[in-house]
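In what follows, a structure is listed as structure tokens, so that the remarks can point back to it.
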Amino acid sequence: MGDPLRDEERPSAGKAPAAATESQPIEAKVAEPRKPPMMVTEDPPNIEEQDPPLDAADDEDINDDDDDFDDTDMYSSESVTIRSSILDHEYEYGRRYHHYRHGRYPLPNDEIEQEREYLKHVIHMEQTGGKLFNAPIAPNPQRILDLCTGTGLWPVAVAKLFPSAEITGIDLSPIQPFMVPPNVKFMVDDVEDEWMDRGGYDLIHLRHSCIYLKDLDKLISNCYTHLQEGGWLEITDYCSFVRCDDGTMPENHAPAQVAMMMHQALLQYGMNAYVINELEDKFKNAGFKNIQCRVVKTPIGAWAKDPTQREIGILFRDNIVELVGALAAKPLKTLGWDEAALELLLVEARKGLWDKKVHCYANFISWWAQK
């Protein structure tokens, strides 16, 4: 998409990144000694496992080329609410970030990150069989709110299902399309601020973002207040803790180490990469009823025996490769590692994502509850 530097550095889909060196040194040859990672040593609180262990493929010679995904729908309507003062962006460490409330969200909003957002949407649709949400909302909803909407893929897709509904997406970054269905509008705002709108929503939706919020209890309470009676709140995200059911993941598996470092880095921002496991109590405390949960195991890499799971694993692996780059640009720097040592670990982590002998996965968790 027009970024020569990115095209040069990013491994093509389905191909492993080049190895760093044959020796893979444990200690970086730098002036400062390599610092140990700031890691948690315990498994985060987990919710009941609903999926059986995924079967691993017997054949190690798997063709894991990616299929092309194309969405060429075009719209002639324009509906965007923004303020010109927040159209600017900030640049740090070679990446672009939101200008409004700069520093509030630790990941970039540039083209690389937007492509990763699209990839997450594709993975979501594969995992759910094309379902955009689980909540059993009324057949003719009038108002739907998408929090932390990102590039706006979810509201635009939902607009096709409910053309008579008013659908609003909110995000810190003005990166949504201008050409959208007439019943979709986007606003630039911080979802953790006080809400000023009239409420009355049939569905409030949040996906892939709750781990980047500082006060999820307050947000869930606001959602409860702004739902109409009988309305639903649905929150979906990954738990960043890397898991394995069959003992094939070594204790020093670099991708799992980086995932735990992500948790430690986000803690310093006042965030919690494991918070998706804790929503039952948060929903109850806000007054919700009919609380339901779904846990889906998401393979990391091309090791799964089932062809659909293998495809999901390939896409998820590629998504994590880009996430590692986004984390390295800013959040992981807060851990105080020597830069050379950190880069060696990240190279090792990227390489480890292609190891099909390691059958690791992450939990994809959805919660939905009714007012």
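Residue numbers run from 1 in the order of the sequence given.
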Quick one: do Asn134 and Trp367 satisfy side chain to side chain contact (heavy atoms under 4.5 Å, CB included)? Show the steps, please.
CA-CA 9 Å; Asn134 296 289; Trp367 295 89; over 6 Å; no

Atom NZ of Lys218 with >12 non-hydrogen neighbours under 6.0 angstrom:
yes

Can you name the closest pair of heavy atoms from Asn277 and Cys239 and give their distance?
ND2-SG, 3.3 Å

Does a side chain donor of either Asp146 or Thr149 reach within less than 3.5 Å of an acceptor in the other side chain?
yes

By side-chain contact (heavy atoms from CB on, under 4.5 Å), Gln292 pairs with (sequence neighbours left out) Trp232, Trp368

Salt bridge or not between Asp217 and Lys282? Use side-chain N to carboxylate O under 4.0 Å.
yes

Give the minimum heavy-atom separation between Cys210 and Ile276, together with the two atoms involved.
SG-CD1, 4.0 Å

Polar contact flag, side-chain donor to acceptor under 3.5 angstrom, His208-Asp237
no

Just how far is it from atom CD1 of Ile220 to atom NZ of Lys284, taken to the nearest 0.5 Å?
13.0 Å

Heavy-atom side-chain proximity of Phe364 to Ile123 below 4.5 angstrom
no

Show your reasoning for whether side chain to side chain contact (heavy atoms under 4.5 Å, CB included) applies to Leu206 and Cys148.
CA-CA 7 Å; Leu206 170 69; Cys148 304; 3.8 Å; yes

Closest heavy-atom pair, Val158 versus Ile144, reported as atoms and distance to 0.1 Å, is CG1-CD1, 3.9 Å

Check whether any side-chain N or O of Thr248 sits under 3.5 Å from a backbone N or O of Cys244 as a donor-acceptor pair, and report yes or no.
no

Nearest atoms (heavy-atom pairs only) where Ala304 meets Gln309
CB-CB, 3.7 Å

Has the side chain of Asn319 got a donor or acceptor atom that lies under 3.5 Å from a matching backbone atom of Leu119?
no

Would you check, one step at a time, whether the test side chain to side chain contact (heavy atoms under 4.5 Å, CB included) holds for Leu267 with His263?
CA-CA 6 Å; Leu267 287 176; His263 176 60; 3.8 Å; yes

To the nearest 0.5 angstrom, please state how far the CZ atom of Arg143 sits from the NE2 atom of His226.
9.0 Å

Look at Arg207 together with Glu117 and state whether they make a salt bridge at an N to O cut-off of under 4.0 Å.
no

Mind checking whether His205 and Trp154 have ring centres under 6.0 Å apart?
yes

dist Ile235:CD1 -> Ser209:OG (nearest 0.5 Å) comes out at 10.5 Å

Output the distance between atom OG (Ser240) and atom CE (Met261), rounded to the nearest 0.5 Å.
12.5 Å

So which heavy atom on Asp171 is nearest to which on Gly150, and how close?
OD2-N, 2.9 Å

Donor-acceptor under 3.5 Å (Glu234 side chain, Ala135 main chain)
yes

Is there a side-chain contact between Thr168 and Asp197 in this structure, where contact means two heavy atoms from C-beta onward sitting under 4.5 Å apart?
no

Does Arg317 count as lying over the ring of Trp354, i.e. NZ or CZ under 6.0 Å from the six-ring centre, within 45 degrees of the axis?
yes

Student check: side-chain heavy atoms of Leu216 and Leu219 closer than 4.5 Å:
yes

Between Asn285 (side chain) and Asp281 (backbone), is there a donor-acceptor pair under 3.5 Å?
yes

Inter-residue atom distance Phe186.CZ - Ile167.CD1, 0.5 Å rounding:
9.5 Å

How long is the span from the NZ atom in Lys356 to the CD1 atom in Ile300, to the nearest 0.5 Å?
15.5 Å

Heavy-atom donor-acceptor pair, Trp303 side chain to Cys360 backbone, under 3.5 Å
yes

Give the minimum heavy-atom separation between Arg350 and Val321, together with the two atoms involved.
NE-O, 4.5 Å

Compute the ring centroids of Tyr238 and Phe316, then answer whether they are less than 6.0 Å apart.
yes

Within the 3.5 Å criterion, strictly below it, is a donor on Glu126 or Thr308 matched to an acceptor on the partner's side chain?
no

Less than 4.5 Å apart, any side-chain heavy atom of Tyr201 and any of Leu233?
no

Within a strict 4.5 Å, meaning less than it, do heavy atoms of the Lys371 and Glu229 side chains meet?
yes

Test side chain to side chain contact (heavy atoms under 4.5 Å, CB included) on Glu278 and Asn272; report intermediate values, then the result.
CA-CA 10 Å; Glu278 306 166 9; Asn272 181 359; 3.5 Å; yes

Tell me, please, which residues at least two apart from Phe283 pass ring-ring contact (aromatic ring centres under 6.0 Å, His included).
Phe288

Tell me if the CD atom of Glu343 is crowded by more than 12 foreign heavy atoms within 6.0 Å.
yes

Taking side chain as C-beta onward, heavy atoms only, is Ser164 less than 4.5 Å from Asn183?
no

Met271 side chain reached by Ile211 side chain, heavy atoms, under 4.5 Å
no

Gln127 and Thr298: CA distance, side-chain angles, deciding distance, side-chain hydrogen bond (donor to acceptor under 3.5 Å, both in side chains) verdict
CA-CA 8 Å; Gln127 287 182 299; Thr298 309; 2.4 Å; yes

Mind checking whether Glu166 and Val184 have side chains closer than 4.5 Å, heavy atoms only?
no

